[in-house]
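No hydrogens, no waters, no symmetry mates; every other heavy atom, side chains included, goes into these values. Quick note: residue numbers are just sequence positions, from 1.
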Amino acid sequence: MIGLASLLFAMLFNFLNTHFLNSDGIELRGGQMVVTADDASYLSPADNFLADGQWRSHQPGQNSYYLRSPGYGCIYLFFKILFPHNPFLWLRIFQILLFAVSSALLYEMAKWFTDNELASTCVAVVYGCTPFACGFLSYTLTEGVTPAFVIFYLYTLVRYVQKRETRHLLLSAVTFAFLFVIRPVLGIFLPLQIVAVWLVCKRSPSRFVACSAVALCLALLPMSMWQVRNWQISGRFVGLHPIYSTDSPDLFRPAHKSAWNFAKTWSPRGDEFHSSIQALWTSSVNGDSTFDAVGYAVSKVPPKVLDCAGSESVRKAYSDYYRLLRWQAPFFKNGETVPDWFVEREKLVVSQFDALTHIVRAKCPFMYHLSGPMCVYGRLSLHSNLSMYMFQKTFRGNAVMEFFRFLFLAIHFSLFVLIWVTLVQNRRDRFKFAVVAVVAFYLVYLAWFQRGIEERYTLPVLPMLLVSATDVVVRFAKKIPIRNTDRDYEIN
């Protein structure tokens, strides 16, 4: 029933949202999927593979061969082959079906975690039958499938620990293999496989080694093949997410990376940073001398950072970066890779931003190591997760809509607080503790290390955040004494 209800509600919310997008004249990819700045980089390799047999995006340079890991592109490729005239409709239906099945499995996960059927039903209803978690099912982004794959992976591991059947371990390994090549950062879930094998096989060291080896080989095989292929193309290990390239003529080059690392010292919102860099880039490409792009970029730097690093040094770094982008613009317009002389000049800009980053870290350690990441963590948690267009635009300001926005904001914020309580409560249950610890570490990674986050980045762990928070509520409810109002009568 949970799965069927989730299917119906997910279809209702997503197709209703499409109606309002169409009504406002917003273009959809294939008439079905929301268009974003990132989705083309996932889809174009599959399109090019069908056209000329090469898995690469449209941009020039070696980076086009391995910018994105191939997992999501392969899913799109599957539907492109089966339904060449309307692959996006079927891709969308697939993502909704995947969500519905995962909602049913989440009920089982919650029952294992809380040992309470009512609480488990509440988890499944909030996750599967409200718009809280289905906002990205109409996007051609990894968030359309990764939450479901995380649930499948954890469910099969739990079944393995409970039933001690090898088939569940193998299923978990295969699921992880897909998850890893879809969204490499979710490789942080791999240690759970070792923990599960240890819990099952700890009395037999040889069996532990054998099961771990087989599971790891299966789990890492697709990504290993992908990395070998990339090594053959580039002659080096390119990493799990090689967004920056030294020969690409677009914005994502080493200088951008260095400027972004400097911005991370005060942990701005991603859109704030990108707006300032985009202003430099757009002005460079268009040759616009009327707009003070450098001044705009410097204005986004907080006064405290300007005091620490020196306002003149910051302005010079952005001015030199702007000059570098103007040199780069012709190569971008002509679709050419940049020459060696440009790479050498770029190193000077990189060294400037790196020096500024080092100065701010040294002079403002509290901001860099604590207050900045805490602000990022706050931004991760303080939103309703109702990301659909109709909630953010169409019904914005409506009294009923505002009530639900604040309700889901409260729920969402509580998940990010209660995860730490759950970590303490489950310290004696090794596997539950391991699951919660991985989820908590992922949030720490986003806030303290990646920092440049978007709301959607937490979607893969949202199901387990919901389960763990519910466990806290259930444990608290059990401690509340129930007053017995019945009277005992003595019969003579």
Could you label the plane-to-plane angle of the [X] and [Y] rings as parallel, tilted or perpendicular, counting under 30° as parallel and over 60° as perpendicular?
| X | Y | answer |
| --- | --- | --- |
| F132 | F408 | parallel |
| Y153 | F176 | tilted |
| W341 | W327 | perpendicular |
| Y72 | Y42 | perpendicular |
| F449 | Y445 | parallel |
| W266 | F262 | perpendicular |
| F252 | Y244 | tilted |
| F353 | Y318 | perpendicular |

Verify whether one side chain among [X] and [Y] offers a donor that lies under 3.5 Å from an acceptor in the other.
| X | Y | result |
| --- | --- | --- |
| R456 | T36 | no |
| R68 | S41 | yes |
| D247 | T337 | no |

Just wondering, do [Y] and [X] contact through their side chains at under 4.5 Å, heavy atoms?
| X | Y | value |
| --- | --- | --- |
| W448 | M374 | yes |
| L106 | Y155 | no |
| Y65 | N230 | no |
| V185 | H241 | no |
| E346 | P254 | yes |
| V467 | Y127 | no |
| L356 | V305 | no |
| P242 | N63 | yes |

[atom1]-[atom2] distance between [X] and [Y], expressed to the nearest 0.5 angstrom:
| X | Y | atom1 | atom2 | answer |
| --- | --- | --- | --- | --- |
| I277 | W281 | CD1 | CH2 | 11.5 Å |
| L43 | N48 | CG | CG | 11.0 Å |
| I93 | L137 | CD1 | CG | 12.5 Å |
| L325 | R253 | CG | CZ | 10.0 Å |
| W55 | R229 | CH2 | CZ | 9.0 Å |
| T142 | L459 | OG1 | CG | 9.5 Å |

Flag yes if more than 12 heavy atoms outside [X] fall under 6.0 Å of its [atom1] atom; otherwise flag no.
| X | atom1 | result |
| --- | --- | --- |
| F273 | CZ | yes |
| F404 | CZ | no |
| N334 | CG | yes |
| H358 | NE2 | no |
| E27 | CD | no |
| F237 | CZ | yes |
| F331 | CZ | yes |

Any donor-acceptor pair under 3.5 Å from [X] side chain to [Y] backbone:
| X | Y | value |
| --- | --- | --- |
| S284 | L280 | yes |
| S69 | G71 | no |
| Q95 | V145 | no |
| S283 | A279 | no |
| S276 | K300 | no |
| E143 | P460 | no |
| H412 | S384 | no |
| Q32 | S138 | no |
| S44 | S57 | no |

For [X] and [Y], work out which heavy atoms get closest and say how close.
| X | Y | answer |
| --- | --- | --- |
| W260 | P268 | CZ3-CG, 4.2 Å |
| V436 | I419 | CG1-CD1, 3.5 Å |
| L186 | V150 | CD1-CG2, 4.2 Å |
| F9 | G128 | CB-O, 4.2 Å |
| L154 | M464 | CD1-CG, 3.3 Å |
| V338 | T246 | CG2-O, 3.4 Å |

Are any of the side-chain nitrogens in [X] or [Y] under 4.0 Å away from the carboxylate oxygens of its partner?
| X | Y | value |
| --- | --- | --- |
| E344 | K347 | yes |
| R323 | D320 | yes |
| D39 | R29 | yes |

- request: Check the pair V238, Q227 against side-chain contact (heavy atoms from CB on, under 4.5 Å), reporting the backbone distance first and the verdict last.
  value: CA-CA 8 Å; V238 299; Q227 293 299 329; 4.1 Å; yes

Passing option when T18 is tested against L28, V34, I26 for side chain to side chain contact (heavy atoms under 4.5 Å, CB included): L28

field: Test side-chain contact (heavy atoms from CB on, under 4.5 Å) applied to S258 and V349, step by step
entry: CA-CA 8 Å; S258 188; V349 175; over 6 Å; no

field: F20/F395 aromatic ring centres below 6.0 Å
entry: yes

message: Would R451 and Y368 count as a cation-pi pair here, with the cationic atom under 6.0 angstrom from the ring centre and within 45° of the axis?
response: yes

field: Residues W226, Y66; criterion side-chain contact (heavy atoms from CB on, under 4.5 Å); working and verdict
entry: CA-CA 9 Å; W226 174 249; Y66 41 74; 4.0 Å; yes

message: If you apply the rule salt bridge (Lys or Arg N to Asp or Glu O under 4.0 Å), what do you find for R315 with E312, and how did you get there?
response: CA-CA 5 Å; R315 175 171 285 277; E312 290 303 318; 5.7 Å; no

message: Set out, in order, the CA-CA distance, both residues' side-chain angles and the distance that settles side-chain contact (heavy atoms from CB on, under 4.5 Å) for F152 and L98, then state yes or no.
response: CA-CA 10 Å; F152 295 159; L98 202 65; 3.5 Å; yes

message: Among F83, F79, Y76, exactly one meets ring pair (Phe, Tyr, Trp, His ring centres under 6.0 Å) together with F88. Which residue is that?
response: Y76

